[in-house]
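Below you'll find the structure, written out as structure tokens, and then a few comments.
Just so it is clear, the structure is predicted and the values come from calculations on it, not from any experiment. These numbers come from the heavy atoms of this one structure, side chains and all, not from hydrogens, waters or symmetry mates.
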Amino acid sequence: MTDTATTATPAEQLATFHSRRELSVVQPKGSLALVNTQWIDSEQTIWGVPGTWAPLPDGESGLALTATAADGIQVDGVLVDGEAVVRGKDSPTPSEITFNDTTSGFVIASEAGSYALRVFDSNSEGIQEFGSISAFDYNPDWVVTGTFTELPDGTTVGFEHLKDDGKSRELPVPGEITFTKDGVDYNLAAFKAGRALQLVFSDSTSGDSTYSVGRFLFVAPNADGTITLDFNRAILPPCAFSYAFNCPMPPKQNRFSVSIEAGEKQVLKKDGSLLHEE
């Protein structure tokens, strides 16, 4: 049997990566399915779904839900008729919520300890309108080898988020990424994302041929301290697919003055127009 993962050319591997990306965003909890994110600071209703939602006492994960059986809400597979606790994603056992055949949700937590309900619709307008993710052709010039240097524990960098009105959130940065390209030295900040590092960057294509807010690149250091930055794998942030996401924006050191003509460009409708006006 031939191992296609090792015999495929970089361009063919990128085509596979791209097709999987387009498939992932239309999943029931993919980026195009998100229709609402609502932060709960008092007892309230939530647009698009039944029930009454309220904060739990400080230190408890999740939200309190009050609903009747007629509302048809299931939390962890159990129909709610009265009150229920919906545990957040910061819990070791987060809750899953089902509203109907197409609508589901879960609860997310902020760094400050507040909670929000995210509502997903597998038949959302975004999924119905989605045509493709446009992307640059494979560009070997933007496969760059750099160096990863660990920073002391507790090192943070301020990241602004799209909907935070200019406020900055201090996010832990485990190390710095340095490389030189075309005679220019770069020193980038990437925060931890699971086992990988998440690089949030923009370049001179941002707002022109690519999404204005910027793009993401997930990388992992090698054992010898080197790190490969394959910008052909640069992806659009979730907020390019749904206004209900709040994306981090590139810090100053991650804003390239050159054009990075590699990776994803825009989210397009079936007719080729932009899914979201920026």
Side-chain angles (χ1 to χ4, degrees), residues 20-130 161-165 169 193-194 198 216 235-248 267 269-270 275-276:
R20 289 174 177 170
R21 271 282 293 164
E22 291 189 329
L23 182 61
S24 72
V25 298
V26 297
Q27 295 304 302
K29 284 189 173 68
S31 296
L32 284 166
L34 185 67
V35 293
N36 192 16
T37 299
Q38 188 162 325
W39 293 93
I40 307 300
D41 58 5
S42 61
E43 184 174 281
Q44 60 192 271
T45 57
I46 292 180
W47 177 84
V49 297
T52 302
W53 304 77
L56 289 169
D58 288 346
E60 294 187 31
S61 171
L63 296 171
L65 164 64
T66 303
T68 66
D71 291 323
I73 305 174
Q74 293 189 29
V75 175
D76 299 323
V78 178
L79 182 67
V80 178
D81 189 8
E83 297 182 355
V85 171
V86 184
R87 297 180 301 278
K89 285 290 187 182
D90 60 342
S91 166
T93 55
S95 295
E96 287 290 331
I97 314 157
T98 303
F99 296 101
N100 55 46
D101 290 344
T102 64
T103 311
S104 61
F106 53 71
V107 172
I108 60 170
S110 73
E111 293 90 346
S114 56
Y115 291 89
L117 178 67
R118 279 197 160 157
V119 181
F120 296 83
D121 182 358
S122 62
N123 193 36
S124 69
E125 183 177 338
I127 289 175
Q128 293 180 48
E129 293 183 338
F130 176 66
H161 283 64
L162 191 59
K163 297 181 179 181
D164 287 0
D165 298 323
R169 304 185 199 179
Q198 182 176 351
F216 292 172
I235 64 172
L236 297 175
C239 54
F241 299 86
S242 169
Y243 293 126
F245 284 107
N246 186 16
C247 287
V267 186
K269 294 182 181 180
K270 289 181 172 66
L275 181 69
H276 289 153

>> Quick check for you: to the nearest 0.5 Å, what is the distance between F130 atom CZ and L275 atom CG?
In response: 8.5 Å

> Side chains of L63 and L56: closer than 4.5 Å at any heavy-atom pair?
Replying inline: no

>> Walk me through whether I73 and L65 qualify under side chain to side chain contact (heavy atoms under 4.5 Å, CB included).
In response: CA-CA 10 Å; I73 305 174; L65 164 64; 3.9 Å; yes

> Does R21 have any salt bridge (charged side-chain N to carboxylate O under 4.0 Å, His left out) partners at least two apart in sequence or in another chain, and if so, which?
Replying inline: E264

>> To the closest 0.5 Å, what do you measure between CG (L34) and CZ (F245)?
In response: 4.5 Å

> How would you list, by chain and number, every residue that makes a side-chain contact (heavy atoms from CB on, under 4.5 Å) with T98, sequence neighbours excluded?
Replying inline: Q74

>> Let me confirm one number: the CG-OG1 distance from D76 to T93, rounded to the nearest 0.5 Å.
In response: 8.0 Å

> Under 3.5 Å, side chain of S95 to main-chain N/O of R87, donor-acceptor pair present?
Replying inline: yes

> Where do F120 and P28 come nearest, in terms of heavy atoms and distance?
Replying inline: CB-O, 3.5 Å

> Closest approach of V35 and S124, non-hydrogen atoms and distance?
Replying inline: CG1-CB, 3.9 Å

>> Side chains of T37 and R118 only: does a donor on one sit below 3.5 Å from an acceptor on the other?
In response: yes

>> Quick check: closest heavy atoms across I127 and D121, and the distance to 0.1 Å?
In response: CD1-O, 3.8 Å

> Where is the tightest heavy-atom contact between Y115 and A109, given as atom of each residue plus distance?
Replying inline: CE2-CB, 3.5 Å

>> With rounding to the nearest 0.5 angstrom, report the OG to CD distance, S242 to E125.
In response: 11.0 Å

>> Does K269 form a side chain to side chain contact (heavy atoms under 4.5 Å, CB included) with H276? I'd like the steps, not just the answer.
In response: CA-CA 9 Å; K269 294 182 181 180; H276 289 153; over 6 Å; no

>> Working to the nearest 0.5 angstrom, can you tell me the gap between W53 CH2 and Q44 CD?
In response: 11.0 Å

> Would S104 and K29 satisfy side chain to side chain contact (heavy atoms under 4.5 Å, CB included), going step by step from the backbone distance to the final call?
Replying inline: CA-CA 8 Å; S104 61; K29 284 189 173 68; 3.0 Å; yes

>> As a quick check of understanding, evaluate side chain to side chain contact (heavy atoms under 4.5 Å, CB included) for N123 and D101, giving each step before the final call.
In response: CA-CA 10 Å; N123 193 36; D101 290 344; over 6 Å; no

> Is it true that atom CD of Q128 has more than 12 heavy atoms of other residues, nucleotides or ligands lying nearer than 6.0 Å?
Replying inline: yes

> For Q27, does the CD atom have more than 12 heavy-atom neighbours from other residues, nucleotides or ligands under 6.0 Å away?
Replying inline: yes

> How about E60 and D58: do any of their side-chain heavy atoms sit closer than 4.5 Å?
Replying inline: no

> Are K89 and F106 in a cation-pi setup, meaning NZ or CZ lies under 6.0 angstrom from the ring centre and within 45 degrees of the ring axis?
Replying inline: yes

> At their closest point, which heavy atom of F99 faces which heavy atom of V49, and how far apart are they?
Replying inline: CE2-CB, 3.7 Å

>> To the closest 0.5 Å, what do you measure between CH2 (W47) and CG (N36)?
In response: 6.0 Å

> Can you tell if the side chain of D71 reaches within under 4.5 Å of the side chain of V80, non-hydrogen atoms only?
Replying inline: no

>> To check you understand the geometry: which heavy-atom pair defines the closest contact between D90 and S61, and what is its length?
In response: OD1-OG, 2.6 Å

